[in-house]
Colleague: 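Can you read through this structure? Questions will come right after.
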Amino acid sequence: MVAFMLYTVLPLVWLVINASKTQGELFDSFGLWFADTFALFTNIGDTLTYKDGIFIRWVGNTLIYVVIGAGGATLLATLAGYGLAKFKFPGRGAVFAVVLGAVAVPGTALAVPTFLMFSKMELTNTPWAVIIPSLISPFGLYLMWVFAVQAIPTEILEAARVDGAGELRTFFTISIRLLAPGIVTVLLFTTVATWNNYFLPLIMLSDPNWYPLTVGLNQWNAQAQGAGSQPIFNLVLTGSLLSIVPIVVAFLFLQRQWQSGLSAGSVKA
Amino acid sequence: MSRTFRNTLTRRTVVAAGAALALGALAACGGGSSSGGDGETVAGSQADLDAALEKGGEITYWSWTPSAEAQVEAFQKAYPNVKVKLVNAGTNTDQYTKMTNAINAGSGAPDVAQVEYYAIPQYALSDSLLDLNVYGLGDLKSDYSASTWGSVAFDGKIYGLPQDSGPMAMFYNKKSFDAAGVTKVPTTWDEYIDAAKKIHDYNDKWYITSDNGDGGQTASMIWQAGGHPFNVDGNTINVNFEDEGSKKYTAMWNQLHTENLLSDAKGWTDEWFRAMTDGSLATLITGAWMPGNMEANAAGASGDWRVAPIPTYDGTPVTAESGGSSQAVLKQSKNPALATAFLRWLNNDPASIKIFLESGGFPSTTAELSDPEFTDAKSEYFGGQQINKVLAEASTQVAPNWSYLPIQAYANTIFGDTAGKTSYTNHSDLNAGLAAWKTAIDTYAKQQGFTVK
């Protein structure tokens with residue numbers, strides 16, 4: 001347990017401590033304790049203003065990608081998973097096979113073919129090149145499908161139909177509430193995946209103005225390498241620290257929803 | 001033409017087969033066809049370049065060099081009709097991945113791009129770069145040091161103009177040398193090995209230098225030893241680490257490597273810079289562009305370091321290039337005259353070169369390399385030494401006729417997985433590591449449609 005704690009918490013502790021140091025002190029002070037100057041606030045200021053505040057722009061980009069990409073992916077996965085679970089139609093088995101297969105393909109492997117396709121559509125180097133592929137979450141779809149099978153008794157749907165409710169109304173008034181814990185889980189997964197997405201934006205985007213945080217921070221980090229380097233490790237560290245804050249907040253917030261959702265479901269069942 | 005076509009096919013097959021997961025593979029695969037100026041033959045003179053500057057227009061320039069911003073600004077001031085869109089698309093490998101993708105896709109590549117010398121052959125072979133001879137830039141040959149010009153001009157074409165250069169030298173920590181009783185600065189590799197022993201005996205946490213397996217560094221060291229391991233003839237590649245120079249290098253370096261006289265610190269890491277600061281890393285055998293990085297990353301060691309020529313095998317001065325970049329015009333450019341005109345200003349105009357030098361770059365132009373203002377400058381970090389004298393001297397002593405592979409970028413990325421695993425993790429014979437590297441390079445070259453000899 002202690003070892004596990006160390007393993008998970010230590011990097012975070014290290015990050016917090018070292019984000020408080022100046023560039024010079026990073027190399028001549030002990031790694032796991034504070035240096036003479038406490039430069040965290042200066043570092044935060046510098047991070048937010050370096051190169052005309054491009055960091056803030058990256059935060060904004062990441063938020064756009066997460067809200068539209070992860071939000072859209074969750075919506076699509078919910079609709080499709082529900083549909084596959086609760087409606088019988090020809091070809092369902094084939095869809096199931098394709099989805100299962102898609103879960104197995106790592107996104108990294110698809111990135112380059114996706115690039116060539118998007119290039120033909122002239123969408124590379126635009127936000128759409130990041131958002132559209134993010135909308136597809138085979139794992140989310142699969143999860144919602146399995147969850148919908150379990151969480152929504154077909155009898156309820158039949159009762160609603162007998163009472164004269166249309167399919168959309170049934171979905172938005174009844175099903176969606178029963179699916180809430182599943183939706184939150186998928187949202188959590190897609191949010192984290194989109195927030196951390198690196199490879200896809202890396203190859204799709206060449207204009208730093210559209211970078212998400214991951215690619216931007218890596219570019220700052222790479223700036224320290226090779227001829228004529230300009231190391232800004234202190235800003236990389238501070239930027240990393242700042243960039244995990246929203247995801248931690250989202251995680252804590254969604255987790256609460258998720259847990260209450262689960263218990264609500266259990267009582268009902 | 002048929003070769004380009006075959007390579008394109010190979011690449012498609014590779015992608016279709018889902019081998020796309022090898023990022024490096026695609027980064028290095030230069031097999032695409034470049035369209036852009038399809039059909040039209042570009043030809044002109046330097047006068048056409050002046051006309052293009054007058055006429056103006058917009059071009060895109062990809063670069064990660066720190067001086068780019070100030071250079072573009074100065075350029076636009078001098079030529080207000082031209083708009084240069086500067087994009088930092090990523091540092092080397094990232095940028096090459098994007099550029100290769102854009103070239104393969106047929107659109108999206110910049111007009112002018114920063115390309116390191118080792119990556120020039122890969123774009124040259126895939127016919128992605130404009131031959132600057134068409135605008136008469138061959139006339140500029142005498143402006144550049146022989147080794148940098150040789151890196152951009154071959155097969156009768158000029159693929160770019162050199163920007164910086166990196167003749168190798170030995171940076172050494174005088175304080176560490178003094179403490180360990182190394183009284184004579186090594187001039188031969190034998191003396192260097194003796195110094196390594198003294199330093200490690202003095203303090204077992206101290207090392208003469210570090211090497212945890214870096215393909216680029218190893219290639220440069222073989223280059224200095226007179227080796228020619230990478231032979232390219234048209235579409236035929238021959239990798240040979242059995243030649244005299246390569247053997248000379250491994251025999252020498254093995255004495256340090258297998259005797260655990262080298263630190264495992266990986267270059268450009270926190271550990272590496274720390275070792276540079278606290279004196280536990282006594283020398284760096286690296287390119288002339290290093291001083292600025294040391295001042296920025298190992299500020300605590302100011303005054304401790306000095307520069308000397310790289311040790312040699314027999315006392316005759318000879319060195320190699322490490323790193324260094326040129327800028328090139330891509331064939332995809334819709335306005336090649338303007339792009340070339342910008343490139344000519346960027347890497348040949350004194351105003352631009354001055355900005356580059358101020359950013360801490362090491363020049364490739366003979367005028368600057370012999371300018372007393374440059375060579376006589378004293379470096380406070382290096383204890384008041386006139387380091388540029390040593391480094392400029394080195395730039396004239398680079399062993400000639402070196403060539404890189406057209407898949408060098410990829411080859412360098414797999415060094416750690418091959419030579420690293422074979423001989424670096426257990427400090428065993430480097431020849432075995434190089435053999436493993438060769439096998440992997442050959443395999444990849446075949447996949448890319450090259451003939452391997």
Side-chain angles (χ1 to χ4, degrees), chain A residues 14 18 22-31 51-52 54 105-126 129 198-199 201-211 215-216 218-233 237, chain B residues 15-16 18-21 23 26 60 62 64-67 69 85 87-95 97-99 101-102 104-110 116 164-166 267-268 270 273-274 276-278 287-290 292-293 296-301 322-325 356 359-362:
Chain A
W14 183 87
N18 285 279
T22 63
Q23 169 69 23
E25 284 169 344
L26 278 173
F27 293 120
D28 45 27
S29 65
F30 178 62
K51 291 249 167 99
D52 301 329
I54 195 154
V105 181
T108 312
L110 293 173
V112 172
T114 315
F115 174 87
L116 294 174
M117 194 170 83
F118 274 68
S119 178
K120 287 273 177 292
M121 301 191 291
E122 303 202 337
L123 284 175
T124 48
N125 211 13
T126 67
Y198 172 73
F199 191 68
L202 173 74
I203 66 163
M204 286 289 184
L205 306 173
S206 53
D207 186 346
N209 283 326
W210 287 115
Y211 283 174
V215 178
N218 188 58
Q219 180 169 318
W220 278 6
N221 195 34
Q223 209 172 299
Q225 302 213 354
S229 68
Q230 286 183 322
I232 43 166
F233 289 127
L237 288 170
Chain B
V15 171
L21 45 103
L23 155 66
L26 278 133
T60 308
W62 282 10
W64 65 88
T65 182
S67 57
E69 212 167 299
K85 188 164 183 274
V87 175
N88 181 342
T91 310
N92 54 36
T93 330
D94 283 353
Q95 189 204 286
T97 309
K98 287 175 191 173
M99 228 161 82
N101 282 336
N104 291 341
S107 70
E116 288 159 287
D164 67 336
S165 71
W268 308 100
D270 173 287
F273 286 123
R274 273 170 186 275
M276 234 176 265
T277 313
D278 67 21
W289 36 261
M290 195 65 205
N293 301 310
N297 287 304
S322 165
S325 287
F356 176 72
S359 78
F362 191 81

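Throughout, protein chains are lettered first and strands after them, A, B, ... in sequence-line order, and every chain is numbered starting at 1.
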Colleague: Between A/N209 and chain B, which part of the residue has a heavy atom less than 4.5 Å away: side chain, backbone, both or neither?
Modeller: neither

Colleague: Where on B/D278 is there a heavy atom nearer than 4.5 Å to chain A: the side chain, the backbone, both, or neither?
Modeller: neither

Colleague: Counting only non-hydrogen atoms closer than 4.5 Å, does B/E69 touch chain A with its backbone (N, CA, C, O), its side chain (CB onward), both, or neither?
Modeller: side chain

Colleague: Quick check for you: among B/N92, B/T60, B/T277, B/T91, which has the greatest number of heavy-atom pairs under 4.5 Å with chain A?
Modeller: B/T91

Colleague: Is there a donor-acceptor contact under 3.5 Å from the side chain of B/N88 to the main chain of B/W64?
Modeller: no

Colleague: Run the ring pair (Phe, Tyr, Trp, His ring centres under 6.0 Å) test against A/F115 and tell me which residues pass, sequence neighbours left out.
Modeller: none

Colleague: Using non-hydrogen atoms only, which part of A/Y211 is less than 4.5 Å away from chain B: side chain, backbone, both, or neither?
Modeller: side chain

Colleague: Could you point out which residue of A/L202, A/L205, A/N125, A/T124 forms a side chain to side chain contact (heavy atoms under 4.5 Å, CB included) with B/K98?
Modeller: A/L202

Colleague: Is any side-chain heavy atom of B/N101 less than 4.5 Å from a side-chain heavy atom of A/S119?
Modeller: no

Colleague: Could you tell me which residues satisfy ring pair (Phe, Tyr, Trp, His ring centres under 6.0 Å) with B/F273, sequence neighbours excluded, listed by chain and number?
Modeller: A/F27

